[in-house]
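As structure tokens, the structure follows; a few thoughts come after it.
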There are 2 protein chains.
Amino acid sequence: MKDRTPVPPPHPADDVTEHVGYRLKRAAAALRGAMDKALREHGLTVPQYACLELLDQRPGLSNAELARSTFVTRQSMNVVLRGLQDADLISRPATTDHGRALPAHLTEHGRERLDAARSAVYAIERTMVDAFPQRRLAALLADLDRMAEALGG
Amino acid sequence: MKDRTPVPPPHPADDVTEHVGYRLKRAAAALRGAMDKALREHGLTVPQYACLELLDQRPGLSNAELARSTFVTRQSMNVVLRGLQDADLISRPATTDHGRALPAHLTEHGRERLDAARSAVYAIERTMVDAFPQRRLAALLADLDRMAEALGG
DNA sequence: CCCCCTATGTCAAAATCCTGACATGAAGGA
DNA sequence: TCCTTCATGTCAGGATTTTGACATAGGGGG
């Protein structure tokens, strides 16, 4: 007689908390909370920090490009950029001679703020990475990426 | 002479997209988007579906317990529950003889709606799980859990 | 040259979520 | 008993984000 439920498809678990989606949400929520708390002391929100970090590594990104990179809508990113502009952390030209995309750049003030906030965020990242065997880091990163890709992210 | 930066701590990568936090956010955003799209055809939002699923497995949960289980505030969960009540998918007593917590239960209508939506969500979950080697599923779940725990989630 | 398609920035309105606050009910200790 | 503490449900306000829509700029193809 053969086993029923051949390969109990790894998944439809009996408990919701065993689902990948639940764990993913839990980890993301914990990260978001920790970053919120840490960044508040630096006067930054999570989307604002994400913007500064991206602009530091890839200066000249436009609003739409930043939005795609941070997984929010253009409209949301627009208000974030306005906030950063009002705080003099980034600069954007009012017009451009070619196209509509307005390239954003960090100001000196923005670079300083980013440097200060980065250490706090990196400490959080370190806490996460240290929570599991280091030899699994590469696989974890790869698997998260594959999941996102499979879902059309 | 000793090495500088002993153990280039696995992590501060040169590219933001190599960070665990970024990958986590990306995967969570992709999952959220896929679930949003799939659940819309069933007339449910993601928090609403999460509620129904939890109440199916653990009937009688209170508003505060549901909020903690889904990683949102009591206030947010309260409006979700009101929506579900107005749609006659769950029921909550107006009063209780002991304590303040109001236990929520699925209605027959709610169970039917959940059954319909569940297949769509499980298909998404399946897509995610199939995106990486099955032998890594257990480790992935465990590592996500450890990360959340380390961050105080 | 003109039309179609795409991408971008922006505005307006709505939905969603969170912060802060308050009142009630239960439990435990002085 | 009384009081302190904690957890819960709820209200009000504001902040954030999304949905929907519109106008503009550039690239191709007819």
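We name chains A, B, ... by the order of the sequence lines, and we start the count at 1 in each one.
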Show me the pairs that pass salt bridge (charged side-chain N to carboxylate O under 4.0 Å, His left out) and involve [range], at least two apart or across chains.
range	value
residues 132-144 of chain A	A:R136-B:D143, A:D143-A:R146, A:D143-B:R136
residues 57-78 of chain B	none
residues 110-119 of chain B	B:E53-B:R118, B:D56-B:R118, B:E108-B:R111, B:D115-B:R118

Exercise. To the nearest angstrom, how far is A:L39 atom CG from C:dC18 atom P?
Worked result: 17 Å
For this session: For A:L81 and C:dC11, give me the distance from atom CG to atom P, rounded to whole Å.
Result: 13 Å
N/O contacts under 3.5 Å, protein versus nucleotides 1-3 of chain D?
none

For this session: Establish, with yes or no, whether the OP1 or OP2 oxygen of D:dA25 is under 4.0 angstrom from a side-chain nitrogen or oxygen of A:H98.
Result: no
For this session: Please confirm whether the backbone N or O of B:L84 pairs with a side-chain atom of B:Q48, one donor and one acceptor, at under 3.5 Å?
Result: no
Exercise. Which letter, B, S or -, goes with each nucleotide of nucleotides 9-23 of chain D from 5' to 3', with contact meaning a protein heavy atom under 4.0 Å?
Worked result: BBB-----SBBBB-B
Problem set entry | Divergence of helical axes at both termini of the helix from C:dC1-D:dG30 to C:dA30-D:dT1 - five pairs an end, 10° steps | 10°
Problem set entry | Those residues that, when tested against A:T17, pass side chain to side chain donor-acceptor pair (under 3.5 Å) (two or more places apart) | A:D15
Seminar exercise, completed: Residue set satisfying side chain to side chain donor-acceptor pair (under 3.5 Å) with A:T107, at least two apart, ordered chain then number -> none
Exercise. What ring pair (Phe, Tyr, Trp, His ring centres under 6.0 Å) pairs are there with at least one residue in residues 35-64 of chain B, not counting sequence neighbours?
Worked result: none
Residues 90-106 of chain A side chain polar contacts: donor-acceptor under 3.5 Å, at least two apart:
unit_1 : atom_1 : unit_2 : atom_2 : d
A:R92  : NH2    : A:Q85  : OE1    : 3.3

For this session: Keeping to residues at least two apart or across chains, list the side-chain hydrogen bond (donor to acceptor under 3.5 Å, both in side chains) pairs with something in residues 20-29 of chain B.
Result: A:D145-B:R26
For this session: Tell me, please, which residues at least two apart from B:R40 pass side chain to side chain contact (heavy atoms under 4.5 Å, CB included).
Result: B:D36
